[in-house]
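For reference, the structure discussed in these notes is given below.
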Amino acid sequence: QVQLVESGGGLVQAGGSLRLSCAASGRTFSTYNMGWFRQAPGTEREIVAAIGWSGTRTYYADSVKGRFTVSRDNSKNTVYLQMNRLKPEDTAVYYCAADIAPSATISYARTEFDYWGQGTQVTVSP
């Protein structure tokens, strides 16, 4: 069983920044591919960013490229999402997810992820 706990969400004005953190339980965090997803009311949960187990591979949705940065610290069992130049359309609940038995060096699809956090609300005001 892997537990994921997100933190760092909140209310910010457009153009501002937030840094989300996701702390994971488990002794083998360094073997997990990790992802950040978001879900706004009435929409499907979508991938925002992903990072492979080694940290060398990353993926970003087109909508966040150049503004968001995903990183991880395997010594702290934590993955981060630095969000800059936030827009009102970034408003959503953000979830981190873990693929604990990856078949590739990075995971993208919702179905690849085995464990999910409870989510943290990010609200960007105009």
Side-chain angles (χ1 to χ4, degrees):
Q1 187 76 5
V2 174
Q3 292 186 326
L4 303 172
V5 179
E6 301 100 336
S7 60
L11 173 64
V12 64
Q13 288 188 326
S17 298
L18 284 174
R19 189 194 196 201
L20 305 184
S21 300
C22 173
S25 65
R27 300 179 186 178
T28 56
F29 175 77
S30 62
T31 67
Y32 305 161
N33 286 348
M34 300 297 295
W36 285 99
F37 290 75
R38 68 186 180 187
Q39 188 169 18
T43 69
E44 297 276 327
R45 192 172 297 188
E46 63 177 2
I47 183 79
V48 174
I51 187 165
W53 55 268
S54 71
T56 57
R57 286 200 66 189
T58 57
Y59 167 84
Y60 297 95
D62 287 343
S63 58
V64 307
K65 278 181 184 176
R67 300 188 297 122
F68 290 11
T69 303
V70 61
S71 62
R72 66 190 296 161
D73 185 340
N74 286 344
S75 69
K76 296 182 178 179
N77 280 20
T78 301
V79 62
Y80 305 97
L81 185 68
Q82 178 67 43
M83 305 186 294
N84 297 329
R85 304 200 313 273
L86 282 160
K87 304 176 181 180
E89 50 264 45
D90 295 318
T91 295
V93 178
Y94 283 70
Y95 300 89
C96 74
D99 176 357
I100 66 170
S103 57
T105 54
I106 194 166
S107 305
Y108 311 97
R110 284 179 58 183
T111 54
E112 295 182 284
F113 292 90
D114 310 289
Y115 292 95
W116 295 80
Q118 82 287 352
T120 186
Q121 176 71 46
V122 171
T123 303
V124 184
S125 63

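Please read all numbers here as calculations on a predicted model, not as lab measurements.
Note on K87 versus D90: no salt bridge recorded, every NZ/NE/NH1/NH2 to OD/OE distance being 4.0 Å or above.
Taking A101 as the reference, nothing meets the side chain to side chain contact (heavy atoms under 4.5 Å, CB included) condition, with sequence neighbours excluded. Qualifying side chain to side chain contact (heavy atoms under 4.5 Å, CB included) partners for A40, counting only residues two or more places apart in sequence or in other chains: T43, A92. In this structure Y59 satisfies the ring-ring contact (aromatic ring centres under 6.0 Å, His included) test together with Y108, sequence neighbours excluded.
In the hydrophobic cluster analysis, where Ile, Leu, Val, Met, Phe, Trp and Tyr join through side-chain heavy atoms closer than 4.5 angstrom, Y95 is grouped together with F113. In this structure, W36 is a member of the same hydrophobic cluster as V2, with clusters built from ILVMFWY side-chain heavy atoms closer than 4.5 Å. Hydrophobic clustering (side-chain heavy atoms under 4.5 Å, transitive across Ile, Leu, Val, Met, Phe, Trp, Tyr) groups V12 together with Y94. Taking hydrophobic clusters as Ile, Leu, Val, Met, Phe, Trp and Tyr residues chained together by side-chain heavy-atom distances below 4.5 Å, V124 shares a cluster with V64. Linking ILVMFWY residues whenever their side-chain heavy atoms come closer than 4.5 Å, directly or via other members, places L81 and Y115 in the same cluster.
For the residue pair R72 and N33, the shortest heavy atom distance occurs at NH1-CA, 4.4 Å. In plain terms, the two heavy atoms of D73 and Y80 that are nearest each other are CB-CE1, 4.1 Å.
Under a 3.5 Å cut-off, the side chain of D99 and the backbone N or O of S107 do not form any donor-acceptor pair.
Atom CD1 of I106 is separated from atom OG1 of T58 by 6.0 Å, given to the nearest 0.5 angstrom.
Within 6.0 Å of CD in E89 there are more than 12 heavy atoms belonging to other residues, nucleotides or ligands.
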For residues 14-30, which side-chain donor-acceptor pairs fall under 3.5 Å, sequence neighbours excluded?
residue : atom : partner : partner atom : Å
S17     : OG   : N84     : OD1          : 2.9
S25     : OG   : Q3      : N            : 2.7
T28     : OG1  : Y32     : OH           : 3.3

Could you give the side-chain donor-acceptor pairs of residues 44-55 under 3.5 Å, partners two or more places apart or in another chain?
residue : atom : partner : partner atom : Å
R45     : NE   : Q39     : OE1          : 3.3
R45     : NH2  : Q39     : OE1          : 3.4
E46     : OE2  : R38     : NE           : 2.8
E46     : OE2  : R38     : NH2          : 3.4
S54     : OG   : T56     : N            : 3.3
S54     : OG   : T56     : OG1          : 2.7

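Counting only residues at least two apart or in different chains, side-chain hydrogen bond (donor to acceptor under 3.5 Å, both in side chains) contacts with residues 116-125 comprise E6-Q118, Q121-T123.
Side-chain contact check for L86 versus F68: some heavy-atom pair is nearer than 4.5 Å.
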